[in-house]
Every structure is written in structure tokens, then in C-alpha cells.
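Working notes, beginning with the structure itself.
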There are 2 protein chains.
Amino acid sequence: MEILKKKILEEGEIHEGNILKVDSFLNHQIDIPFLKEIGKEFYNCFKDENVNKILTIESSGIAIAAMAAQEFGCPLVFAKKSITKNIAGDIYLTPVESFTHGTTYGVIVSKEFLGKGDRVLIIDDFLAMGNALNGLIEIVKESGAELVGCGAVIEKAYQGGGDKLRKKGLHVESLAVIESMDHKTGTIEFRD
Amino acid sequence: MEILKKKILEEGEIHEGNILKVDSFLNHQIDIPFLKEIGKEFYNCFKDENVNKILTIESSGIAIAAMAAQEFGCPLVFAKKSITKNIAGDIYLTPVESFTHGTTYGVIVSKEFLGKGDRVLIIDDFLAMGNALNGLIEIVKESGAELVGCGAVIEKAYQGGGDKLRKKGLHVESLAVIESMDHKTGTIEFRD
């Protein structure tokens with residue numbers, strides 16, 4: 001997606017440790033008119049899949065998933081990262097390692113909102129090692145729902161998570177795939 | 001907002017301790033076509049205020065704020081609840097007490113995304129004691145931006161936060177205002 005690559009080059013900040021900050025439009029401030037285009041692009045990728053539910057994970061995935069869900073005309077479910085007083089009853093729970101925070105956390109979805117008959121598209125902001133996506137995939141499997149694919153806004157290909165999922169036969173679409181970044185020179189190389 | 005009251009009555013679950021669970025359309029599964037109507041309603045309440053930024057707090061506020069921001073054609077900024085590796089540099093930070101979790105956490109907004117010249121509408125899912133809103137209001141004040149008002153989807157009037165803010169002269173709009181709830185009888189009484 002050319003306008004996304006342009007935006008990453010213009011507004012992205014590369015930090016040491018292979019961290020790409022896109023806080024000006026995706027992860028802190030969210031450029032909603034721009035995200036509308038992102039939502040349409042995900043719709044184009046998966047429009048023939050009869051998606052009836054978008055699954056994402058708090059927090060950065062939510063706005064993206066909302067704009068995609070709008071295009072599909074379906075609800076979204078966002079997985080929660082910790083057990084709160086307000087989640088009760090039967091849940092799917094899977095552990096996920098966080099690259100950003102260097103910790104492991106539990107990912108939770110209420111059984112009420114995911115199950116047989118659902119055709120699920122997983123949406124997230126970043127696809128790096130694929131840890132968060134793998135957690136969500138586990139939950140979809142456990143629920144008996146059908147996973148139609150995964151969409152990420154930005155994939156860091158050098159961390160391998162996306163290609164591992166593709167090798168497993170999964171339909172993975174990333175709207176910008178970064179092959180390499182260099183925080184010293186500030187350069188970003190995209191996959192064609 | 002009549003369709004919202006109807007939805008709360010049909011799908012809301014009242015739990016002990018004055019907790020209203022609306023996980024089927026607002027706090028876990030999100031009914032995006034319905035939230036589009038919520039976004040339009042907030043736009044109607046504040047359309048003459050030249051809003052150029054929506055401010056909310058992760059996670060439950062994000063989808064609502066996204067649908068409102070879409071109506072205003074402006075970006076949203078979501079305040080974060082903890083310091084992560086990915087937030088660096090100058091930040092606004094204010095402590096907020098959580099009614100749901102029984103803890104105090106730091107609410108953070110990067111100075112880059114809020115400041116003089118901004119006309120800010122704060123959006124959140126619930127308005128109870130007003131703790132989260134008060135934290136966001138503090139941050140808007142500190143930033144030098146203009147606060148045009150606050151919008152909540154559901155206000156629990158019996159916890160007093162909304163009326164306290166109104167008494168201070170703030171423009172507060174809640175789309176459904178609950179005067180009382182009873183978890184034993186399952187009844188909910190709305191303000192007219």
C-alpha cells in the first residue's frame with residue numbers, strides 16, 4: 001500500500017533495537033481518515049471470505065480493527081491482556097510473549113463472543129515475531145471458529161513471524177512489509 | 001439516545017457492586033454498525049465546537065473515539081495507562097484511580113500530540129466517579145489546549161462524576177444516563 005509506505009517513511013521513527021515508532025498516525029495519535037483507507041484495503045484483501053467477525057488485541061489493534069469492521073459491516077472482538085473484575089465466566093486464555101515489553105501476559109477472549117459458525121479475520125497493527133497473532137490464532141482454533149486470515153498494517157519481515165505463518169498455509173496480508181531498517185542511517189527497505 | 005437505552009436494557013448485565021457489563025456491544029465485542037450511530041450522536045452534540053482532536057483512554061474508549069473522530073474528520077489521541085519502551089520523550093502524566101481495578105495508574109499522553117491550538121473533545125465509554133475523565137481533563141489543561149467538552153456513552157449518575165463536572169461549567173454529554181440499577185431485580189432506571 002503505497003500511501004502507507006510513504007507515511008512510514010515520512011513520519012516513522014526508527015529506534016535502536018529494531019523498534020519502529022509510528023505514534024503520529026497509528027499507535028498513540030491515530031489518523032482516522034487515513035485508517036479509513038487501511039480498513040478499505042483490508043476489505044479488498046478478504047472481501048470474498050464472508051468474514052463475520054474481526055478479532056484483535058488491545059490496545060493498538062482496536063482502532064484499526066474498528067475501521068476494518070466498518071467495511072465488512074460486522075462486529076469486532078478485542079482480546080484483553082489481563083483478568084479484570086469485569087471479565088467473568090467462560091474464557092479462552094492463552095499466554096503471549098511481548099517483544100515490546102519483554103514479558104509474558106495472558107490473552108483472554110470470552111467464549112460468548114467467539115465460536116462455531118464464526119468466520120474470523122484477525123487484525124493487528126504490527127506483525128513481528130508473530131507472538132500476538134499466534135496467541136489469537138490459538139484462541140480461534142480453540143473456539144471452533146473458522147480463521148479466514150490475518151491482516152497486519154506493518155510487518156517486520158526480518159523478524160520472521162509473517163513468513164512462518166504463510167508457510168503454514170495461512171492467508172496473511174500485511175499492508176507494508178519492512179525487509180530491513182537501520183536506525184543509524186534512518187533508512188527503511190520495503191518488500192516489493 | 002433511545003436505541004442505546006434499548007440496547008442496554010436488552011444486552012446489559014447488572015452485577016453486584018454497581019457494575020454494568022455491556023461486553024456484547026461496547027467493552028469486549030464491539031457492535032461497529034451501532035457505534036457508528038454513537039459517533040454521529042457525539043458529532044451532533046459538539047458539531048459547532050470546531051473540534052480538531054478527540055482524546056480518549058485505552059482500551060474501551062478507543063473504538064468509540066474512532067467512530068466519533070470519523071464524524072469530525074479529525075485524529076484521535078489515546079492516553080496510555082503505563083510507561084512502555086515505545087513511549088519516549090516529553091509526556092503529560094497524571095495519576096488516575098481505577099474504580100474497576102481498585103488501583104491507581106499513570107495516564108500518559110505524549111506532548112507531541114496535544115497542545116496550544118487544539119480544540120479537544122474527550123470521549124470515553126463510561127462516566128462513573130469521573131476519575132478517568134478528570135485525569136484526561138488535567139492533561140488537556142496542562143497541554144494548553146482548549147477543552148470543548150466530554151462525551152460518555154453511559155453515565156452512572158449515582159456515582160456523581162458527571163454532575164460534578166457539569167457544576168464546574170463543563171459541557172458533558174452522556175448518551176444514556178443511569179439514575180439507578182438493581183442487580184437483584186435486574187432493573188435499570190434512566191434519567192429523562
Within residues 160-192 of chain B, the residues sitting under 4.5 Å from chain A by heavy atom, in sequence order, are none
Most heavy-atom pairs under 4.5 Å with chain B, out of A:Glu112, A:Lys36, A:Glu13, belong to A:Lys36
- Query: Sub-3.5 Å donor-acceptor pair from the side chain of B:Lys53 to the main-chain atoms of B:Ile122, do we have one?
  - Reply: no
Hey, does the side chain of A:Arg119 reach the backbone of A:Glu49 with a donor-acceptor pair shorter than 3.5 angstrom?
yes
(Q) Does the structure place the NZ or CZ of B:Lys7 under 6.0 Å from the centre of the six-membered ring of B:Phe34, at an angle of no more than 45° from the ring's axis? (A) yes
What do you reckon, is NZ of A:Lys111 surrounded by more than 12 foreign heavy atoms closer than 6.0 Å? yes
B:Ala79 and B:Val107 have their tightest heavy-atom pair at CB-CG1, 3.5 Å
So do A:Ile3 and A:Glu37 actually touch side chain to side chain, heavy atoms under 4.5 Å? yes
Residues B:Phe46 and B:Gly149: closest non-hydrogen pair is CE2-CA, 3.9 Å
Taking a cut-off of under 4.5 angstrom between non-hydrogen atoms, the residues of residues 61-77 of chain A near chain B are A:Ile62, A:Ala63, A:Ala66, A:Met67, A:Ala69, A:Gln70, A:Gly73, A:Cys74, A:Pro75, A:Leu76, A:Val77
> Does the A:Lys80 side chain pair with the main chain of A:Glu58, one donor and one acceptor, at a distance under 3.5 Å?
Replying inline: no
Below 4.0 angstrom, N of the basic side chain to O of the carboxylate: do B:Lys6 and B:Glu10 qualify? yes
Practice prompt. Start with the C-alpha distance between A:Glu11 and A:Ser24, add both sets of side-chain angles, then the distance that settles side chain to side chain donor-acceptor pair (under 3.5 Å), and finish with yes or no.
Written response: CA-CA 7 Å; A:Glu11 299 184 28; A:Ser24 66; 2.4 Å; yes
